[in-house]
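Note that the numbering runs from 1 along the sequence shown for the chain.
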Amino acid sequence: MPGPTPDERRDDTARLDDTARLEDGVETLAFDRVLADTPLAPPAAPAAGDRSTATATPSTGHDTPQAAPLPRPTIRWGALVWALLFGAVAAFALWTLTDLQHRDEVLFWIAAVPVQLVPLYLLAAVGVVVALFGIVGLIRRGERQRRASSSSSS
């Protein structure tokens, strides 16, 4: 009879770190240990006559399916524009909050703004947001046209 393994020799408190309890009460090795003990193998190749894995490419008269090339990943330019805007606002907030002198300078500038100019600044801020929506819309339309032209030429 073989001796106990190192896992069996540990006490129950240490064993709880390496096990996970499933819903039905069965203990199993933790996920990372299962992955370390399980050899990874590529998926099995489909049979020659298996039509369930055929691609949507047009038939060329041969029985073997041809794999269609994968499309390039889409760059979300609109998301990048918004990320730059939010990054600029976050950088300004961080710059303001890192030093008391910066905070005082910003508060002094806000207090020095004449009351008559506040609606104009708000209107300018709304205009910037509307312009950003327009820019993002133009970018989205350009991406759609580029995608449509590349799919029609393929």
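- Contact between Trp82 and Val136 at its shortest, heavy atoms only, is NE1-CG2, 3.4 Å.
- Using a 4.5 Å cut-off between side-chain heavy atoms of Ile, Leu, Val, Met, Phe, Trp and Tyr, with links allowed through other members, Ile139 and Val129 fall into the same hydrophobic cluster.
- Rounding to the nearest 0.5 Å places OG1 of Thr96 at 9.5 Å from CD of Glu105.
- Counting only heavy atoms from C-beta outward, the side chains of Arg144 and Arg141 never approach each other to under 4.5 Å.
- When hydrophobic side chains of Ile, Leu, Val, Met, Phe, Trp and Tyr are connected at separations under 4.5 Å, Tyr121 ends up clustered with Phe92, Trp95, Val106, Trp109, Ile110, Val113, Leu117, Val118, Leu120, Leu122.
- Note on Leu80 and Phe86: same hydrophobic cluster, where clusters join Ile, Leu, Val, Met, Phe, Trp and Tyr whose side-chain heavy atoms are under 4.5 Å apart, directly or indirectly.
- Transitive grouping of hydrophobic side chains (ILVMFWY, heavy atoms separated by less than 4.5 Å) keeps Phe133 and Leu138 in distinct clusters.
- In this structure, CG on Leu94 lies 11.5 Å from CG on Asp99, to the nearest 0.5 angstrom.
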